[in-house]
A.B. asks: 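Could you have a look at this structure, given as structure tokens, before my questions?
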Amino acid sequence: MEMTKRHFLNKEISLTDLLKSAYRLMFTAKTMTDLFEQEKKITSKYVHATSRGHEAIQLALGMQLLPQDFVSPYYRDDSILLGIGITPYELMLQLLAKRDDPFSGGRTYYAHPSLRRDDFPKIIHQSSGTGMQAIPTTGIAMGMKYKEETGIAENIDDKPIAVCSLGDASCTEGEVSEAFQMAALKQLPILYLVQDNEWDISANAKEIRAQDITEYMRGFNGIETRTIDGTDFIKSYEIVKECIKIIREERRPMLIHAKVPLLNHHTSGVRKEWYRDDLEECAKNDPLIKLRNQLSEFSIEDSEIETIEKEVAELVRTDFENAVLAEDPKSEDAYKHDFAPTPITEEKGERSPSGKIPTVMVDCALFAIRELMTKHPEALLYGQDVGLRLGGVFREAITLAAQFGEKRVFNTPIQEAFIVGSTVGMSAVGLKPIVEVQFADYIWPGLNQLFTEVSRSYYLSNGKWPVSMILRVPIGAYGSGGPYHSSSVESVLTNIKGIKIAYPSTGADLKGLMKAAFYDPNPVIMLEHKGLYWSKIEGTENAKTIEPDEDYVIPFGKAREVLLCENRQEKPTLTIITYGMGVYWASNAAKEFDNQIEIIDLRTLAPLDENRVFESVKKHNRCIVLTEEPVNNSFAQSLAARINENCFRHLDAPVKVVGAKDLPAIPINSELEKEMLPNTQKLIKEIEQLLKY
Ligand SMILES: Cc1ncc(C[n+]2csc(CCOP(=O)(O)OP(=O)(O)O)c2C)c(N)n1
Ligand SMILES: [Mg+2]
């Protein structure tokens, strides 16, 4: 009998047929676990975990999902995957990290799925970070609700739901409660399934939690909870069915707390015999034995059950043999799907349309977003204080909520992890989220989601799930902002692969890059210098520019020539490679020299216009890389190393990195702040030194 999803969803299916199908799958899961153990020599090359003990609740869920649904299984959920119709062969291709692994092409571990097939439930990229799927998956539910409330949802009878599966121990993590908070607050169509085996590797429930998830949920108003024996397939199936129906129809969150025993190892690498003292007790609760007894109670003949078991054993064995023989990825496959191709590859549109007056940088961004939201109903903006009352602490989103309504522009709680990570889910349902953290200093709580989920989704799903989002980050020092409102963070961000980073220094660049970011299918960070927003700081007047027209776009990876000079033999010249506020320190310092300074504004830090940088260095033979960050281990210092490597023969002096002092924070006192940060005067001295070299 072929196990397709449609088979389970056939409303006419009899209970006995359902039980037989479930038994076939449950026996498959067990047979696979046993086989992986027997074939340890082969399977131990890569780590794996299996669902043994958890199968009943997992199958009850997997078998009831529809193609329009999204599910986020965790690493112990191979039975959910069997339940939605994934074959043992496909699972084993991932087990052995083979080229045709349908989830990641051999990039990530067993039972770390991602799926985008028309007739299957969808699965966004799943990481190994416990609990980290909660935010992206809740983002999916938020996207579903957004689409329904703004009238852009697909018209289908059975509304889609999101399902997030979690281990009990992961539920103590802070990010998981951010997700619960938002699901409860916004009444999102999501089912949380918590599989409670009372183990957190070797730490037992008594050591690591003050209450179980049923009790914990009492603190989240509006998430209804069902506590069940997750080893009883029939009961599990009924409860899952009831919950799914409620969520589909009433569009509100629910949680199933399923109690289950862990019968297999934590993972193939952390083995049960090392520390478990409850195995005998747990074995009494084996869901497979229970289901087999239920089959007998429903008068299914032993001989029929034995036939199923025999067929499964043969299938699993053959699938394994075939998977072992399947081809490995080729080395060139490693380079595929780092970024999805963007349509914006050239500068286009009018940068300085006539008849317009100069606009401050903050408004250039605002107008860009206003144009985008007018044109694209899938565009929305959320973050702290961006809503109607304030429109952002820098008024960078002012008027947007009034114009587009509070469904499309809304305040979030102080949850940077949710703000960043939810975009994964929003993007997966076809939306274009533009989000904000209030200050670069507060990006840290969101960094985990940025690194673990956002930046790796496209690569680890082997090109299935690009995350199209814009994260706006007001950054930099702007005059006694003090240690928690002045920091620069670009070195940390540029170390994360899989994201693009813009750092514009003028209004025109900010608008053109914001547009390019929006049409880019990849995640983009917009670093927006607070000191340039209004050109209030002396010497930054040029940040205020004519506002480009609506169609104006700037491709990422194209530097801007701020100031050019010839290399004249009689006097040395040098080039300053910089970005953000550095553009103005450099421009003002250049006035003190006799046409000896070239200035290149990088505009985007990732991708980086290396060619333009090297060209300028080779022309002038002397180079300063100027940054607002502390110098050691910075992005600027690593760029200097690249310049050295590529331009060594052309250099007449060492590449000099000028930046802030290497101190832990920017002090609030204005004199101390001045001492720490670079400025025009300090730069002039550095230029003089380098020209003399
Ligand atoms: C954020 C994070 N910290 C630590 C780990 C290492 N780790 C892997 S599984 C695990 C235990 C998780 O327990 P639980 O969520 O109850 O799931 P179970 O394995 O019991 O099914 C830990 C600590 C991890 N993967 N992610
Ligand atoms: Mg556990």
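All ligand and atom numbering here is 1-based and tracks the order in the structure. Keep in mind the model is a prediction, meaning the values are calculated, not measured. In what follows, every heavy atom counts, from backbone to side chain, and hydrogens, waters and symmetry copies are set aside.
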A.B. asks: Does one side chain, of T50 or D78, offer a donor that lies under 3.5 Å from an acceptor on the other?
C.D. replies: no
A.B. asks: Of the side chain and backbone of Q195, name the one, both, or neither that has a heavy atom under 4.0 Å from an atom of ligand 1.
C.D. replies: neither
A.B. asks: Between the side chains of T412 and Q384, does any donor sit under 3.5 Å from an acceptor?
C.D. replies: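 Their side chains do not contain a donor-acceptor pair, so the 3.5 Å distance test is not met.
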A.B. asks: Give yes if a backbone or side-chain nitrogen or oxygen of S170 is under 3.5 Å from a nitrogen or oxygen of ligand 1, and no if not.
C.D. replies: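 Yes, at least one N or O pair falls under 3.5 Å.
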A.B. asks: Minimum distance, heavy atoms only, to atom 6 (C) of ligand 1: which one of I201, L166, D196, D77 is it?
C.D. replies: I201
A.B. asks: Does the side chain of S422 come under 3.5 Å of the side chain of Y382 through a donor N or O and an acceptor N or O?
C.D. replies: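 The answer is yes; a qualifying pair exists.
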A.B. asks: Below 4.0 Å, non-hydrogen atoms only: which portion of N197 touches ligand 1? Side chain, backbone, both or neither.
C.D. replies: side chain
A.B. asks: For atom 4 (C) of ligand 1, find the nearest protein heavy atom and state the residue, atom name and distance (0.1 Å precision).
C.D. replies: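 For this ligand atom, the closest protein heavy atom is T130 OG1, 4.4 Å.
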A.B. asks: I'd like to know whether CG of L185 has more than 12 heavy-atom contacts from other residues, nucleotides or ligands below 6.0 angstrom.
C.D. replies: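 Check passes, neighbour count above 12.
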A.B. asks: Of all the non-hydrogen atoms in the protein, which one sits nearest to atom 12 (C) of ligand 1, and at what distance?
C.D. replies: Y75 OH, 3.2 Å
A.B. asks: Do D229 and K290 sit within salt-bridge range, that is, some charged N less than 4.0 Å from a carboxylate O?
C.D. replies: yes
A.B. asks: Heavy-atom contacts with M132 under 4.0 Å: which atoms of ligand 1 show up? List them by number with element.
C.D. replies: 1 (C)
A.B. asks: Please find out if the Mg ion (ligand 2) and some N, O or S atom of A169 are separated by less than 2.8 Å.
C.D. replies: no
A.B. asks: What N/O/S atom of D168 is the closest to the Mg ion (ligand 2)?
C.D. replies: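 The closest N, O or S atom of D168 to the Mg ion (ligand 2) is OD1.
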A.B. asks: The test is side-chain hydrogen bond (donor to acceptor under 3.5 Å, both in side chains); show your working for S51 and S79 and say whether it passes.
C.D. replies: CA-CA 6 Å; S51 55; S79 289; 2.8 Å; yes
A.B. asks: Can you figure out which of D168, T172, V194, D200 has its heavy atom closest to atom 23 (C) of ligand 1?
C.D. replies: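 Ranked by closest heavy atom to atom 23 (C) of ligand 1, first place is D200.
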A.B. asks: Considering the options V316, T87, V324, which one meets the side-chain contact (heavy atoms from CB on, under 4.5 Å) requirement together with M92?
C.D. replies: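 Single pass found, and it is V316.
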A.B. asks: Can you list the steps and then say if Y192 with F180 is a ring pair (Phe, Tyr, Trp, His ring centres under 6.0 Å)?
C.D. replies: CA-CA 9 Å; Y192 296 103; F180 289 156; 4.8 Å; yes
A.B. asks: Number the atoms of ligand 1 from 1 as they appear, then name those within less than 4.0 Å of a heavy atom of G129, with their elements.
C.D. replies: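 Near G129, meaning under 4.0 Å from one of its heavy atoms, ligand 1 has 26 (N).
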A.B. asks: More than 12 heavy atoms of other residues, nucleotides or ligands under 6.0 Å from CG of N633: yes or no?
C.D. replies: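 Atom CG in N633 is not packed in, count stays at 12 or less.
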A.B. asks: I need the nearest protein heavy-atom contact for atom 25 (N) of ligand 1: residue, atom name and distance, please.
C.D. replies: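 Going atom by atom, the protein heavy atom closest to atom 25 (N) of ligand 1 ends up being S128 O, 2.9 Å.
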A.B. asks: Is the distance from the Mg ion (ligand 2) to the nearest N/O/S atom of N197 under 2.8 Å?
C.D. replies: yes
A.B. asks: If you count the atoms of ligand 1 from 1 in the order shown, which ones are under 4.0 Å from a heavy atom of W199?
C.D. replies: 13 (O), 14 (P), 16 (O), 20 (O)
A.B. asks: Can you list the atoms of ligand 1 that are under 4.0 Å from a heavy atom of R76?
C.D. replies: 18 (P), 19 (O), 21 (O)
A.B. asks: Pull out every atom of ligand 1 sitting under 4.0 Å from any heavy atom of A169, numbered as shown with elements.
C.D. replies: 13 (O), 14 (P), 15 (O), 16 (O)
A.B. asks: Does a side-chain heavy-atom distance below 4.5 Å link F418 with T138?
C.D. replies: yes
A.B. asks: Quick check: Y74 and ligand 1, any N/O pair under 3.5 Å apart?
C.D. replies: yes
A.B. asks: Report the C-alpha separation of S165 and Q195 in whole Å, then their side-chain angles, then the decisive distance to 0.1 Å, and conclude whether the side-chain hydrogen bond (donor to acceptor under 3.5 Å, both in side chains) test is met.
C.D. replies: CA-CA 8 Å; S165 176; Q195 297 173 55; 3.1 Å; yes
